Asker: 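Below you'll find the structure I mean.
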Amino acid sequence: MSSTIVSTDKPIHRVVLVDDDSTDNFLHKRVLEKSGLVEEVIAFEQPEMALDYLASIEHPIDVICLDINMPKMNGFEFLEAYQKLEIAKKQLPLVVILSTSVTAESIACKQGISSVVAAETKPLRRETVEQLVIEYFNGASSIAQS
């Protein structure tokens with residue numbers, strides 16, 4: 001985890017992946033990096049470690065890609081815990097729920113928590129990243145360049 005200053009040539013500066021499956025994290029990180037739209041991707045296989053990281057950082061996070069079905073702490077429990085952190089009072093990143101199947105519960109969560117902007121089936125697709133940039137990061141021109 002570096003404390004370097006992030007350049008602003010890409011619309012999304014930081015994405016945190018939270019998924020207990022290392023293969024999914026690898027694939028999602030690759031999609032994000034290959035999109036050319038994200039400066040930095042940080043992956044966690046344990047939600048508790050992601051929460052510790054998020055509680056300790058000074059730089060904002062733009063997007064959290066979150067698996068729902070994880071042992072010990074599922075994605076919904078992660079969101080509840082995140083919202084109690086001090087940083088969440090200052091900044092609520094966009095949340096993309098990623099699951100092997102998008103359930104009615106995922107959609108209900110999306111509607112109930114304003115920071116949840118998408119509920120998608122795995123794997124993360126470049127089109128989803130591009131849609132985030134268009135809708136939330138004023139980035140239609142960024143997509144044309146990548």
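Worth saying up front: this structure is predicted, and the values here are computed from it rather than measured.
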Asker: Using the side chain to side chain contact (heavy atoms under 4.5 Å, CB included) criterion, which residues pair with T23? Sequence neighbours excluded.
Answerer: D21, L27
Asker: Restricting to non-hydrogen atoms, name the atom on P11 and the atom on L37 that form the minimum distance, rounded to 0.1 Å.
Answerer: CD-O, 3.6 Å
Asker: Does a side-chain heavy-atom distance below 4.5 Å link L54 with V16?
Answerer: yes
Asker: Look up atom NE2 in H28 and atom CZ in R125, then write down how far apart they are to the nearest 0.5 Å.
Answerer: 10.5 Å
Asker: Mind checking side-chain hydrogen bond (donor to acceptor under 3.5 Å, both in side chains) for D62 and listing every partner two or more places apart, or none if nothing turns up?
Answerer: none
Asker: Any link between M49 and I57 through a network of hydrophobic side chains (Ile, Leu, Val, Met, Phe, Trp, Tyr) touching at under 4.5 Å?
Answerer: yes
Asker: Please identify each residue that fulfils salt bridge (charged side-chain N to carboxylate O under 4.0 Å, His left out) with E86, with sequence neighbours left out.
Answerer: K89
Asker: Roughly how far, to the nearest 0.5 Å, is the OG atom of S99 from the CE atom of M70?
Answerer: 10.0 Å
Asker: Are any of the side-chain heavy atoms of I42 and E40 separated by less than 4.5 Å?
Answerer: yes
Asker: What do the steps show when you test V63 against I12 for side chain to side chain contact (heavy atoms under 4.5 Å, CB included), and what is the final call?
Answerer: CA-CA 8 Å; V63 179; I12 301 176; 4.2 Å; yes
Asker: Under 4.5 Å between any side-chain heavy atoms of S115 and L94, yes or no?
Answerer: no
Asker: With side chain to side chain contact (heavy atoms under 4.5 Å, CB included) as the test, would you mind laying out the steps for T100 and T121 before giving the verdict?
Answerer: CA-CA 5 Å; T100 51; T121 56; over 6 Å; no
Asker: Verify the cluster assignment for L85 and F44: are they in a single hydrophobic cluster under the rule of side-chain heavy atoms below 4.5 Å apart?
Answerer: yes
Asker: Is the closest side-chain heavy-atom distance between D24 and K122 below 4.5 Å?
Answerer: yes
Asker: Decide yes or no on side chain to side chain contact (heavy atoms under 4.5 Å, CB included) for Q46 and D20, but give the supporting numbers first.
Answerer: CA-CA 6 Å; Q46 298 174 356; D20 62 313; over 6 Å; no
Asker: Please set out all donor-acceptor pairs under 3.5 angstrom arising from side-chain atoms of residues 72-82, sequence neighbours excluded.
Answerer:
| residue | atom | partner | partner atom | Å |
| --- | --- | --- | --- | --- |
| N74 | OD1 | F76 | N | 2.9 |
| N74 | OD1 | E77 | N | 2.8 |
| E77 | OE1 | N74 | N | 2.8 |
| Y82 | OH | Q91 | O | 3.2 |

Asker: Can you confirm whether L66 sits close enough to V96 that some side-chain heavy atom of one is under 4.5 Å from a side-chain heavy atom of the other?
Answerer: no
Asker: Taking side chain to side chain contact (heavy atoms under 4.5 Å, CB included) as the test, write out the residues that go with D52, two or more places apart.
Answerer: none
Asker: Checking the side chain of H13 only, and the main-chain atoms of E39 only, is there a donor and an acceptor separated by less than 3.5 Å?
Answerer: no
Asker: For N25, give me all partners under side chain to side chain contact (heavy atoms under 4.5 Å, CB included), at least two apart in sequence or on another chain.
Answerer: L17, D19, A43, E45
Asker: Does any part of the side chain of E33, heavy atoms only, come nearer than 4.5 Å to the side chain of V41, both counted from C-beta?
Answerer: yes
Asker: Would you kindly say whether E127 and Q131 are connected by a side-chain donor-acceptor distance under 3.5 Å?
Answerer: no
Asker: Is there a side-chain contact between V18 and C65 in this structure, where contact means two heavy atoms from C-beta onward sitting under 4.5 Å apart?
Answerer: no
Asker: Using side chain to side chain contact (heavy atoms under 4.5 Å, CB included), reason through L32 and V129 one step at a time and then give a plain yes or no.
Answerer: CA-CA 7 Å; L32 290 162; V129 180; 3.6 Å; yes
